[in-house]
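This structure is a prediction, so every number in the text was calculated from the model and none was measured.
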Amino acid sequence: MDERKGVSSWMAISSIVLITLLALTALHVSRRQHPAIKPRVIPTHPMRPAVQLWLSTADRRLRLAHQPDIEMSAHEALPVEVVIDVNKTYQSIVGFGAALTDSSAWLIQNRLNEQQRNALLHELFGPPPNLNLNMTRLTIGASDFSLRPYTLDDLPVGEVDPQLLHFNVTFNLHDVIPTVREVLAINPQLRIIASPWSAPAWMKTSANLIGGELLEQFEGTYANYLVKYLDTYRGYGIPIFALTLQNEPGFVPVTYPGMEVPASTRERLIAQYLGPALASREPKTRILGWDHNWDEPEQPLSVLANPDVARYIAGIAWHCYRGSPYAQSQVHRAFPRKDTYITECSGGDWPSSKNGELLWFTRDLLLAGLRHWARGIVYWNLALDEHYGPHFGGCDTCKGVVTIDSRTGEVSRNDEYYAFAHFSRFVLPGAVRVGSSETDKGIDNVAFQNAAGGSIVLVMVNSHAEAHRVSVKQDQASFQYTLPPQSVATFVWNPDQTSKRMDATNSPQVKKSPGTTATSATIGGRKVAQ
């Protein structure tokens, strides 16, 4: 036998024996050891409820800037200034918007290319995080923000058209109607309020679009004129949510179309003609009364006091140029079933606005208007150019929500844009205003609960020149925040989540047997009524 072969065979046999012995030893050891399986322990750090915050400052350093979340606490460290009471409810909200005047629509169609126009309309009327506007106002015929004076039935001097055979919307076909249709494609729930500035000249005592009153013999014709407008626009796929009889019926402008319509004329028009004509129509178009300033509440009060007229009036429309929104509450107390809308208010480059208009529009128009029962608030021009136009007479320093550069199409956003954004992006259609205690002068607030999801929205304004610390409580939870000087803040939180999280934070931990996951108990969760 070969010696090298013998050695190799012996080494192979030895290796096999050694491996076998090692394997048997390992198996024996493993059978003797039974380590306990340790349960996976998840720390029970309480989920702290969060309040989201968006902030704007009058110096424009911050413009609807999303800030870090604020943690809520179950314990109050400071005396509470604002108490939110979701069980105390007021009006539901229809929405916010701005007028698509002839000037605004013309700029959008003629000074923006298709891409710019699509981007702007989506930004303004698209859902959050866009501006989420869902209301607009249209003029029936020309206003001061039109390129020329006209109505929808203009005739040569001396001619009349009681059958409205010459009625047409020719002047709206290339700008207003296409723009509204594009907006409806973005937001089919758009609510449109329509208002005339003047009847056709042949219906008036002045025989002119400027000045004069409506001839009594044409009152029925004028009502038919307004109904024909509704039908014509519906034919273009544009439903009208509400109609006013006359823009600013107590004011007669001297540089643009207008018409005085005394209370007695308004009463006859509504009770005898327009009201019955619209009463049985579906879908329904509401009639809003007055459509003028806060300083004459006796005007809508006197008209609503006539039951033959009041039965056809769904609500009162207000403008912001004189008086205060307290007038809205005065009328609401007398006629609580009538709705309230603000249908016009404009900002502009006048002396009082040299430091900006963010605070005024947020505090005096939107916040105060809503606290005094407004269901919707509509600004005047949606868009104007860098020269405050185009316009025909009237205001020569008014501003739009946005400014469109007539040469480049570049869009800039004015203070009014951000004032409306603090509401329109967060207070959704169908939301209800809820109780919120008022604070010392200089700190104003208003609160809402959204119908979908139940989130709470609180808008606060600090008009002071210095920072101010506020404390807010809703049920058992509260938070604190220091408002910067001259600032607007929108706070948003979910009360269901807040209640559950606060309950979890305050409840004792439940002991669990070994091998199970530790959890915390939830006690007494409260469902908030919507």
#### Entry: Sub-4.5 Å side-chain heavy-atom contact between Leu190 and Phe241
no
### Query
How long is the span from the CG atom in Asn355 to the CZ atom in Arg60, to the nearest 0.5 Å?
9.0 Å
### Query
Going by atom types only, do Ser146 and Asp102 share a side-chain donor-acceptor pair under 3.5 Å?
yes
### Query
Is the shortest heavy-atom distance from the side chain of His332 to the side chain of Gln91 under 4.5 Å?
no
### Query
If we only count heavy atoms from C-beta on, is the Leu358 to Tyr418 side-chain gap below 4.5 Å?
yes
### Message
Quick one: does any side-chain atom of Asn414 pair with a main-chain N or O of Gly400 as donor and acceptor, under 3.5 Å?
### Response
yes
### Message
So for atom CZ, which belongs to Arg337, do other residues, nucleotides or ligands contribute more than 12 heavy atoms lying within a distance under 6.0 Å?
### Response
no
#### Entry: Closest non-hydrogen atom pair between Thr136 and Ala98, with its separation
OG1-O, 2.6 Å
### Query
Would you call His468 and Glu81 a side-chain contact if the rule is heavy atoms closer than 4.5 Å?
yes
### Task
Show your reasoning for whether side-chain contact (heavy atoms from CB on, under 4.5 Å) applies to Val427 and Phe96.
CA-CA 9 Å; Val427 182; Phe96 306 90; 4.2 Å; yes
### Message
For the backbone of Asp405 and the side chain of Glu410, can you confirm whether one donor and one acceptor N or O come within less than 3.5 Å of each other?
### Response
no
### Message
Could you check whether any side-chain N or O of His422 sits under 3.5 Å from a backbone N or O of Leu55, counting only pairs where one atom can act as donor and the other as acceptor?
### Response
no
### Task
Answer yes or no: is there a donor N or O on one side and an acceptor on the other, between the side chain of Ser424 and the main chain of Leu131, under 3.5 Å?
yes
### Message
Looking at Glu466, I'd like to know if its CD atom is crowded, meaning that more than 12 non-hydrogen atoms belonging to other residues, nucleotides or ligands lie closer than 6.0 Å.
### Response
yes
### Task
Would you mind telling me which of Asp291, Thr139, Asn247 makes a side-chain hydrogen bond (donor to acceptor under 3.5 Å, both in side chains) with Ser195?
Asp291
### Query
Has the side chain of Gln449 got a donor or acceptor atom that lies under 3.5 Å from a matching backbone atom of Gly454?
yes
### Query
Will you find, in the side chains of Asn381 and Ser103, an N or O donor that is under 3.5 Å from an N or O acceptor?
no
#### Entry: Tyr481 and Phe491 aromatic ring geometry - parallel, tilted or perpendicular at 30°/60° bounds
perpendicular
### Query
When you measure from the side chain of Arg433 to the backbone N and O of Arg371, does any donor-acceptor pair fall under 3.5 Å?
yes
### Task
Keeping the roles fixed (side chain from Glu71, backbone from Asp69), state whether a donor-acceptor pair exists under 3.5 Å.
no
### Message
Measuring from atom CG of Leu112 to atom CD1 of Ile404, what distance do you get when rounded to the nearest 0.5 angstrom?
### Response
4.5 Å
### Message
Would you call the rings of Trp290 and His292 parallel, tilted or perpendicular, taking 30° and 60° as the class edges?
### Response
tilted
### Message
If you compare all heavy atoms of Thr244 against all heavy atoms of Pro196, which two are closest, and at what distance to 0.1 Å?
### Response
O-CD, 3.2 Å
### Message
If I compare all heavy atoms of Ser455 with all of Val492, which pair ends up nearest, and what's the gap?
### Response
CB-CG1, 4.3 Å
### Query
How many angstroms lie between CZ in Phe448 and OG in Ser436, if you round to the nearest 0.5 Å?
8.0 Å
### Message
When you compare the side chain of Lys338 with that of Val331, does any pair of heavy atoms fall below 4.5 Å?
### Response
no
### Query
Counting N and O atoms only, with roles assigned by atom type, does the side chain of Asp364 sit under 3.5 Å from a partner on the main chain of Phe361, one being a donor and the other an acceptor?
no
### Query
With a 4.5 Å heavy-atom cut-off, do Leu382 and Ile108 have their side chains touching?
yes
### Message
Quick check: do Gln189 and Pro429 have side-chain heavy atoms less than 4.5 Å from each other?
### Response
no
### OG1 on Thr362 to CD on Glu416, rounded to 0.5 Å
9.5 Å
### Query
Which heavy atom of Leu107 sits nearest a heavy atom of Gly389, and at what distance?
CD1-O, 3.5 Å
### Query
Side chains of Gln246 and Arg266: donor-acceptor distance under 3.5 Å anywhere?
no
### Task
Return yes if some donor-acceptor pair links the side-chain N/O of Gln116 with the main-chain N/O of Thr408 below 3.5 Å, else return no.
yes
### Message
So Tyr233 and Leu138, do their side chains get closer than 4.5 Å, heavy atoms only?
### Response
yes
#### Entry: Pair Thr439-Asn445, side-chain donor/acceptor within less than 3.5 Å
no
### Donor-acceptor side-chain pairing of Arg375 and Thr340 below 3.5 angstrom
no
### Query
Judged by modelled atom types alone, do Ser406 and Asp385 share a side-chain donor-acceptor pair under 3.5 Å?
no
### Message
So, taking the atom named CD1 in Ile93 and the one named CG in Leu370, what distance separates them when rounded to the nearest 0.5 Å?
### Response
5.0 Å
### Glu438, CD: over 12 other non-hydrogen atoms inside 6.0 angstrom
no
## Note on the structure
Here the gap from Tyr388 atom OH to Thr397 atom OG1, rounded to the nearest 0.5 Å, amounts to 7.0 Å
### Query
According to the interplanar angle, ranging from 0 to 90°, do the rings of Phe426 and Trp54 count as parallel (below 30°), tilted (30 to 60°) or perpendicular (above 60°)?
tilted
### Short side-chain to backbone donor-acceptor contact, Asn187 and Asn134, under 3.5 Å
no
### Task
Heavy atoms only: give me the nearest Trp294-Ile342 pair and the separation to one decimal.
CZ2-CD1, 4.0 Å
### Message
Which heavy atom of Pro484 sits nearest to which heavy atom of Thr57, and what is that distance?
### Response
CB-CG2, 4.4 Å
### side-chain contact (heavy atoms from CB on, under 4.5 Å) evaluation trace for Tyr379 with Arg137
CA-CA 9 Å; Tyr379 185 77; Arg137 188 177 183 220; over 6 Å; no
### Query
Is there a side-chain contact (heavy atoms from CB on, under 4.5 Å) between Ser346 and Phe145 once you walk through the steps?
CA-CA 12 Å; Ser346 183; Phe145 283 90; over 6 Å; no
### Query
Thr490 pairs by side-chain contact (heavy atoms from CB on, under 4.5 Å) with which of Leu458, Leu64, Leu53, Val457?
Val457
### Query
Given Glu182 and Gln109, is the side-chain contact (heavy atoms from CB on, under 4.5 Å) satisfied, shown in steps?
CA-CA 11 Å; Glu182 288 181 51; Gln109 291 294 327; 3.1 Å; yes
